[in-house]
Amino acid sequence: MTVPVLELTRLSKRYGEVTAVAGLSLKLEPGEVVALLGENGAGKSTVVNMITGMTRPDTGQIHLQGKEVHLDTPRDALDRGIGVVHQHYALVGNFTVAETLALGRAGPGVLDRKVLHADVRRVAERIGMQMDPAALVGSLDVAGQQRVEILKALSRKVSLLVLDEPTAVLSPEDAARLFDVVRALRADGVAILMVTHRLADVFAVCDRAAVMHSGHLVCDLPVADATKQGLISAMISGDTDTAQIPGSPGQANVLPDRPPTPVSDTPIRVSVRNLKLLRANGSQAVQGLGFDIRAGEIMALAGIDGNGQSELVQCLAGLNLPVDGTAEICGCRSDGHWTPRLLRNAGVAHVPDDRRRYGIISDLSLSANMMLSHFFSPRYGRTVLDRARARDDTRRAIDEYDIRTTGPDQPIGRLSGGNQQKLVLARELLAGPRVILAAHPSRGLDIRTIGAVQDILRRQRDAGAAILLVSADLDEIRALADRVVVLAAGTAFGPVAMADTDMAQIGAWMAGHA
Amino acid sequence: MDLMLLTGLLASGVRFAMPLLFAALGETMGQKSGVLNVGLEGIMLVGAFLAVAFSVATGSPWGGLLAATLGGAAMGLLHGFFAVRLKVDQIVSGLALILLGLGLSGFGYRLVFAGHQSIRVPGFERLDLGPLSDLPVLGPLLFSHHLLAYVGIFMAVGLWWILTRTGLGLTIRAVGENPKAADSVGIDVDKVRMRCSAFGGAMAGIGGAYLSTAQLAGFVEDMVAGRGFIAIACVVFARWNPLGVLAVALIFGIADAGQIRLQPFFPQIPYQFFIILPYVLALVALAGSAKSASLPAALAQPYRKA
């Protein structure tokens with residue numbers, strides 16, 4: 001009889017009127033990988049926060065290795081062997097990997113670089129990972145930074161590792177590498193709690209699946225006994241009866257495939273020719289990019305983050321200029337006047353990938369955020385703002401998009417990421433755009449919201465909008481795109497009609513193989 | 001003759017640089033931890049006053065120095081209390097310190113020395129290294145300064161070493177770059193910042209003491225005359241590197257010494273134009289290094305736990 005690494009007993013947490021977690025009990029054995037599933041707002045983050053000492057439970061106990069503990073600060077959790085890899089990494093860009101691991105562990109005295117570097121190699125080898133101790137964290141890609149976060153957690157004595165949405169930003173190849181690491185840790189006896197939205201992760205690497213719905217744990221069963229369809233219905237409706245359906249797992253399809261319907265007779269809305277773009281640091285992001293998007297089609301821009309997607313979207317939104325080649329949208333040309341204001345007037349909507357930086361102003365209310373994209377349109381008045389109209393629009397958006405909020409006057413920063421995203425979408429689609437630049441519109445969202453977002457894009461497409469969809473998620477591309485262009489290794493592959501290609505080809509392109 | 005002139009210029013440049021050096025080194029540590037203190041001016045004034053008052057009271061410049069250090073640290077802590085603990089806007093808190101320092105030092109001086117016509121301030125003696133100090137050129141340049149000047153140069157090297165080579169430096173840099181990362185490994189962000197702010201205040205206090213008891217001998221209202229701001233410019237120009245701060249402070253010091261020496265050569269030009277020289281240099285320096293990758297990413301951003 002082994003002692004569970006972590007045992008949560010009837011944990012509850014309320015925030016004001018809202019019950020975030022209600023009487024949750026969960027057990028993790030050594031070497032067990034448990035998936036914690038649930039929609040946005042189901043209470044997963046609160047559970048993670050309670051385990052990692054960020055918030056204290058109102059009632060209930062936490063037992064570690066059989067002993068009751070009170071985790072008042074992140075330090076308490078760290079000292080007791082709980083490691084976390086948060087969704088948003090907490091890394092210092094101009095530190096080396098070795099310095100990152102030393103932070104908080106080394107004493108105040110002299111740092112011996114040799115010892116620190118050996119330390120990194122030792123931890124990395126334990127889980128079969130390659131890592132250059134002298135590499136600057138800021139120079140690594142998202143997957144590399146995640147590996148640093150994992151090493152950081154493992155550099156302490158860890159019996160439980162919490163991974164918060166670890167695959168949200170990874171390419172399929174990098175996700176597979178992450179799963180190898182998870183398996184190595186499992187073999188090492190580390191218990192892993194993986195918070196995720198993606199059912200593929202569950203079936204790839206997890207032993208048990210625990211599903212939360214509005215604060216309650218609605219099901220907790222071995223993955224071998226679970227089905228995709230069952231887990232989805234448990235997440236969406238809290239319905240436990242269907243979670244366990246006899247039959248082969250992983251058969252059900254989350255999103256209906258749609259036969260691609262290429263359009264060739266509608267007007268060209270976006271035209272890109274021989275485009276060369278630089279990153280903010282001056283390095284070349286992509287060159288020789290060329291494609292057209294016609295009214296009524298969705299062009300997917302696939303590829304792993306950091307291959308020029310952000311630069312392209314920002315260029316098309318008027319936020320930066322190409323160094324070579326031209327872009328043309330609805331009669332505006334990048335070698336003429338090319339500003340966000342002009343392009344918005346021409347009917348361009350922009351759903352940015354970095355929502356917190358470019359999409360919203362956290363401290364402002366929902367209705368104020370609603371006005372942001374329409375600042376120069378007469379919609380809300382020229383001189384005195386028509387706040388009543390903004391509130392009406394916001395109220396309608398709240399109903400239409402099912403945004404969970406106390407009302408149009410609530411600061412948007414208080415909402416969950418998914419609900420913020422829905423407001424951004426509502427705002428961008430408000431004026432009936434002719435071109436939609438949608439960068440990772442469903443990243444980090446729960447299954448139901450993803451479905452809603454994809455429905456919205458489909459409807460806009462059918463209404464005649466030209467849509468550029470930036471995504472690293474093959475499922476999403478398959479579900480939505482008419483044509484696809486892949487950015488990788490500084491160049492572009494495609495565009496090609498979805499009917500003329502397959503996922504293996506797109507995956508190979510994303511990895512940089514022609 | 002030219003060599004004599006140059007030697008004198010450089011030697012007095014070193015002296016003029018010292019108040020800037022101390023204040024800028026302290027500010028470097030504060031800014032590295034994410035605390036911007038624009039109130040150096042006020043702290044230096046209080047330091048200058050306390051140094052004079054306690055030198056006279058104790059009869060030793062060291063007593064004055066100690067008082068200035070403690071007074072400066074107290075003001076640094078006050079800044080920390082507002083900016084770090086209460087998360088007040090750091091610029092606002094810094095501006096308040098300037099006014100507070102101006103008032104405290106001026107009022108204190110009148111309170112303590114009211115009616116005294118002339119007071120003799122026991123100042124720092126220049127170090128006499130015997131034959132070394134008598135060397136031509138090198139003697140006046142390297143071996144004839146106040147002990148405090150050597151302490152300042154030593155501290156520049158020491159702080160650089162701490163920042164780049166020790167765990168303490170790693171902690172301070174992490175707090176100023178990404179406080180969340182520091183917090184996530186159990187570092188008390190606010191505590192580190194409070195201590196760096198106090199250290200910065202203490203160093204500004206020493207800078208003020210150098211001004212009133214080593215460079216000059218006595219206190220005059222508003223005697224710091226913008227050096228607190230130039231010290232901040234030094235930090236930016238030196239890209240938050242203590243060794244760079246040493247170099248930049250020397251450049252400013254030499255510019256200051258130079259403008260004084262230039263004045264008699266050009267009597268037709270109003271002397272005010274010479275006095276503004278170091279300030280113009282500071283403006284140019286800031287304009288040239290406005291966007292720098294070495295800027296601590298979380299500078300002047302209060303840290304709130306999620």
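Only heavy atoms go into these numbers, but all of them, side chains included; no hydrogens, no water, no symmetry mates. Protein chains get the first letters and strands the later ones, always in sequence-line order, with residue 1 at the start of each.
- Here the closest heavy-atom approach between residue Ala90(A) and residue Asn178(B) is recorded as C-ND2, 3.9 Å.
- Looking at Arg105(A), neither its backbone nor its side chain comes within 4.5 Å of chain B, counting heavy atoms on both sides.
- Both the backbone and the side chain of Leu103(A) come within contact range of chain B, each with at least one heavy atom under 4.5 Å from a heavy atom of that chain.
- Heavy atoms from other residues, nucleotides or ligands lying under 6.0 Å from NZ of Lys87(B) number more than 12.
- No side-chain heavy atom of Pro411(A) sits under 4.5 Å from any side-chain heavy atom of Asp363(A).
- Put simply, of Leu170(B), Asp188(B), Ile187(B), Leu168(B), the one with the most heavy-atom pairs under 4.5 Å next to chain A is Leu170(B).
- Of the listed residues (Ala174(B), Gly169(B), Ala182(B), Pro179(B)), the one with the most heavy-atom contacts under 4.5 Å to chain A is Ala174(B).
- Of all the listed residues (Leu111(A), Val92(A), Asp76(A), Leu78(A)), the one sharing the greatest number of non-hydrogen pairs under 4.5 Å with chain B is Leu111(A).
- When all heavy atoms are compared, the tightest approach of Val137(A) to Gln145(A) is O-NE2, 3.1 Å.
- A donor-acceptor distance shorter than 3.5 angstrom exists from the side chain of Gln146(A) to the backbone of Pro166(A), with no hydrogens or angles considered.
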